[in-house]
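Just so you know, ligand 1 is whichever comes first in the structure, and atom 1 is the first atom listed for that ligand. Note: hydrogens, waters and symmetry copies are ignored here, and every other heavy atom, side chains too, is used.
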Amino acid sequence: MMALKKTLFAALSLVMMAGLPEYARSAEPAQTTAVQAPAAQEYSLQWNSLHMGTLIKARVFGDSPEAVKRYARIVEDEVTRFDDMMSVHKQTALNEVNRLSGQAVPVTPEIAEMTLRALQLARASEGAFEPTIGTVVNLWKIGFGGDKVPSQTQIDKAVSLVDYTKVCVTQDDSGQWFIRIAPGQSLDMGAIAKGYIGQKMAEALVAAGMKHGLLDLGGNVVLIGYKTDNKNWKIGIQRPDKERGAYFAVVGAHDASVITSGAYERYFEKDGKRYAHILSPVTGRPVTTDISSVTIVSTHGADADAWCTAIFAMGWDRARAFMKTHPELRIFMLDASMKKALVSASLAPDVIVTDPTVSLATVSGVKSPRH
Ligand code: AMP
Ligand code: MG
């Protein structure tokens, strides 16, 4: 008992001495707990911090207090680095691309990599995921104080600037990356950035020797290794109409990102209508979808994030057809009535619906009308 206490104190004070100032900025009461896990000689540390306007929950494991301290430092340093690089609320390289639209603007290799991936996903999703949706997002400002429906003229103007094929990502002979968008265009990486950043952070932790841990970037979860002893991590999936933390299902996974897009995230209501934060690049209006949440489990965080947004926008029937033609994507979705859930065959063994009012079917179980 004494030894455990000592360990607990040692690990805690190491982190305190490391002086991670971000803890103090947490919107929620900062939680920093260190416990010796049951496995011999394993230490863990769990804490919350606020970055990118998002509550980040981290849990790292290591075989010594020093290792755990090192991993915690990597988490905070990396998330701060990405925040400074990509935040929409600061003067970042990504914002400069928008401010200086029409010009080739120098960017970091990470911004270039994420943007190139975003352009590929825009093509693959036939523009349902549209990284140049920024003009439309900025017009509606859903979730950022917007509470008015814009005029059709404003919407038409914003939509006329949306076109991902006009984005140029280039590299010069010295290796410097540049992005140029068309004049007036605006890149918005809100649907892919957290997935991308989570994955990059996980890669940094693995490179530093971490065997297992969990990062939760505002509901975008990255799992490193197994939870313990080859046992999957279990991630609760938010029931869209209930308070935060009320789950309708549990997804098991390891070494993967578990990402969810849902109507509950950000929206505003006017005249009895709810306007959600995912917008159609065609109509310039919030998508009307009969899906209430989409979860994707993938080893590629950016892809999972972007596909979630695209599939949410497709609506139930198109999304179900998409699941059949894309069995490589592990998808789990809930319809707007919250009575029906559908899961890709590849993910089915790892999903448990805990809410008895929701029925679950797998895509392979859906018969074509001809049979
Ligand atoms: P997510 O929560 O990952 O589904 O991303 C939603 C965010 O992506 C929104 O808040 C917007 O910033 C942005 N967004 C909205 N509609 C689209 C779209 N059709 N394609 C790409 N990004 C979008
Ligand atoms: Mg997304």
Checklist entry - With a 4.0 Å cut-off on heavy atoms, is S280 touching ligand 1? => result no

Checklist entry - Just by distance, with hydrogens left out, do E110 and Y196 show a side-chain donor and acceptor under 3.5 Å apart? => result no

Checklist entry - If you round to the nearest 0.5 Å, how far is CG of N95 from CE of M85? => result 13.0 Å

Checklist entry - What distance do D216 atom CG and R59 atom CZ have between them, rounded to the nearest 0.5 Å? => result 12.0 Å

Next on the checklist: Within ligand 1, which atoms have a heavy atom of S261 less than 4.0 Å away?
Outcome noted: 1 (P), 3 (O), 4 (O)

Checklist entry - CZ/F129 to CD1/I311 distance, rounded to the nearest 0.5 angstrom? => result 12.5 Å

Checklist entry - Side-chain donor-acceptor pair under 3.5 Å between Q185 and R180, yes or no? => result no

Checklist entry - Do T132 and E130 have side-chain atoms, one donor and one acceptor, less than 3.5 Å apart? => result yes

Checklist entry - Without hydrogens or angle criteria, can the side chains of T260 and T295 be said to hold a donor-acceptor pair below 3.5 Å? => result yes

Checklist entry - Has A191 got an N, O or S atom lying less than 2.8 Å from the Mg ion (ligand 2)? => result yes

Next on the checklist: If I apply the N/O under 3.5 Å rule, does A191 come out as touching ligand 1?
Outcome noted: yes

Item to check | Shortest reach to atom 19 (N) of ligand 1 by a heavy atom, considering only L279, V287, I133 | outcome: L279

Next on the checklist: With carbon and hydrogen excluded and only N/O/S kept, which atom of D305 is nearest the Mg ion (ligand 2)?
Outcome noted: OD1

Item to check | Heteroatom N/O/S of S261 within less than 2.8 Å of the Mg ion (ligand 2) | outcome: no

Checklist entry - Considering only heavy atoms, does I278 approach ligand 1 within less than 4.0 Å through its side chain, its backbone, both, or neither? => result both

Checklist entry - Taking only heavy atoms of D305, which atoms of ligand 1 are found under 4.0 Å from at least one of them? => result 3 (O)

Next on the checklist: For atom 18 (C) of ligand 1, tell me which residue out of G127, A128, G190 has the closest non-hydrogen atom.
Outcome noted: A128

